[in-house]
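A quick write-up on the structure given underneath.
In what follows, every chain begins at residue 1, and chains take the letters A, B, ... in the order their sequences are listed. Quantities reported herein were computed from a predicted structural model and do not represent experimental measurements.
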Amino acid sequence: MTAYRQHIPLFWWLRQWSYLVFVLRELSSVFVAWFVVYLLMLVSAIGDGTYADFQAWSGHGWVLVLNVVALAFLLLHAVTWFALAPRAMVVPHVPPWVVLVAHYLAWIVLSAGVAWVVLLR
Amino acid sequence: MSTITMEVTRYRPGEDSEPTVQSYEVPLRKEWAVLDGLNHIKDHLDGTLSYRWSCRMGICGSCGMTVNGRPVLSCASFLVDYAPGPVRVEPLRNFPVIRDLVVDISDFMEKLPRVKPWLIADPPEEGEFLQTPEEMDEYKKYSMCINCMLCYSACPVYALEPEFLGPAAIALGQRYNLDSRDHGAEDRRDVLASAEGAWACTFVGECSTACPKGVDPAGAIQRYKLTAAVAAMKDFLMPRGARR
Amino acid sequence: MKRSPEPLVWLAFSGGGMAAALLVPVLLFLFGLAFPLGWIEPPSEEHLVALVRHPITKLVLFGLCALGLFHFAHRFRYTLYDGLKLKRFAVLIAAVCYGAAVVGSVASAIVLLSV
């Protein structure tokens, strides 16, 4: 049989908006890795007593731009992650929207907790 | 009477090296689905056009096509929604094209029975299997699948990795796994929890968007991943434990 | 029977995804934007030193780093497979991605223990 096999372009995810969003969501993982690097640099600067230098460096234009982009991707990650969570985690007798709201509540509480611990004087 | 242009993919095996596009003017009637437009072409304009269809009411699952880039049932997509046109009608993506809009579905037909989509259970001692409405709700959503393969057409993982078991087959496996009468989850695990099974899915989610029956295969697959991961951890912690 | 090693890496990916979603936005906002730009007065150095030397902080940060790196490794591996059609290099890509996560986790432990 001489069936025709349809070709898939290399950048198939540019064909459709939803595929592009998927690839961007997956690329958020690169910025998770960047954050780990940034966090470890911060921690070692605090340990070495060079926190002032780190702060000066983190105020450089390109570092700020990188962190703005990273934050945007991390927010994309968080929103898409919480949106998908109720579909993977099916809790008996609990409707999916409750699971979704619980994730957002946990996000708010933990973010406030982290900010409180960091900013506590 | 107003008309709409349908741009239909043609492929004649043995004659064409690749598909071509042919345009037809068809009447634009508000009650006409894309399939009615194709039937008009076949009956009045060009009898050589080939495509599959049967029930015209969204249950046989045979008239799936790519319309304006999206996988849809052509009997459930109305021409007026694509007005003023043109309407681009292509065969389902990710399947080999046999002729015009007809695709080769043998890969799917081979994969489907691999998940053992039937009840694996000893018959009850007497009477029939009993099930509460709550128990039925556990799997009812996944039982709505009509095997139309729109989810395979929407899935980029299946496009890139034809070995992937695919959305409908995994969702159907879950349909039986979650059935209170069934005891076959362990039998299905080798297939569902293989590298070509649920683990190949990256949760693009387009299968659930494409599904005309609200099955949510993407959700079924993620749910199965969680189940399979927990089961694998149990095996790891209790190697010869209480597995059936 | 042949079982896939995927459950283990998937659990690490999921744990990392959850940890990153819950904790990274606030940390990145504070230390990456709010403090460098002076939107919020940064905490004193003594407070930060005391904070990172606390064993609970070390444990949480190590968990976040290690799981976050495995989350990255797993997701990026599939992005390369599918996004750039590189499945033919699957073994090499998996080795590099998870290898980087293991090395990064060890490095995180060293950094956190030496503070």
| query | Does any non-hydrogen side-chain atom of A:R87 lie less than 4.5 Å from one of B:F203? | reply | yes
| So do the side chains of A:Y19 and B:P156 get within less than 4.5 Å of each other, counting heavy atoms only? | yes
| said: Counting neighbours of CE on B:M144 that are heavy atoms of other residues, nucleotides or ligands and sit closer than 6.0 Å, is the number greater than 12? | reply: no
| task | Kindly compute the distance separating NE2 (A:H7) from CZ (B:R93), expressed to the nearest 0.5 Å. | result | 12.5 Å
| query | Could you go step by step and tell me if A:Y4 and B:I98 meet the side-chain contact (heavy atoms from CB on, under 4.5 Å) rule? | reply | CA-CA 7 Å; A:Y4 176 75; B:I98 297 174; over 6 Å; no
| message | With a 4.5 angstrom heavy-atom cut-off, is it the side chain or the backbone of B:Y224 that approaches chain A, or both, or neither? | response | neither
| field | Contacting region of B:L92 [heavy-atom separation from chain A under 4.5 Å] | value | backbone
| Would you say the side chain of B:T202 lies within less than 4.5 Å of the side chain of A:F22, judging by non-hydrogen atoms? | yes
| request: Please flag which part of B:R99 lies under 4.5 Å from any non-hydrogen atom of chain A: side chain, backbone, both or neither. | output: neither
| said: Heavy-atom cut-off 4.5 Å, strictly under: side chain, backbone, both or neither for B:S208 against chain A? | reply: side chain
| For atom CE of B:M109, is the number of surrounding heavy atoms from other residues, nucleotides or ligands below 6.0 Å larger than 12? | no
| Partner chain A: residue of B:E206, B:E134, B:E138 with the largest heavy-atom pair count (under 4.5 Å) | B:E206
| field | Pairs of heavy atoms under 4.5 Å with chain A: top-ranked of B:P19, B:P13, B:G14, B:A154 | value | B:P19
| Part of B:E18 lying under 4.5 Å from any heavy atom of chain A | both
| query | Between A:I8 and chain B, which part of the residue has a heavy atom less than 4.5 Å away: side chain, backbone, both or neither? | reply | side chain
| task | Flag the pair A:M89 / B:Q222 as yes when at least one side-chain heavy-atom distance between them is below 4.5 Å, and no otherwise. | result | no
| query | Does A:R5 CZ have over 12 foreign heavy atoms under 6.0 Å away? | reply | no
| Under a 4.5 Å heavy-atom cut-off, does chain A meet the side chain of B:D16, its backbone, both or neither? | neither
| request: Answer yes if the side chains of A:Q6 and B:E90 hold a donor-acceptor pair under 3.5 Å, and no otherwise. | output: no
| query | Would one find more than 12 heavy atoms of other residues, nucleotides or ligands at under 6.0 Å from atom CD of B:E163? | reply | no
| field | Closest non-hydrogen atom pair between A:W12 and B:L160, with its separation | value | NE1-CD1, 3.6 Å
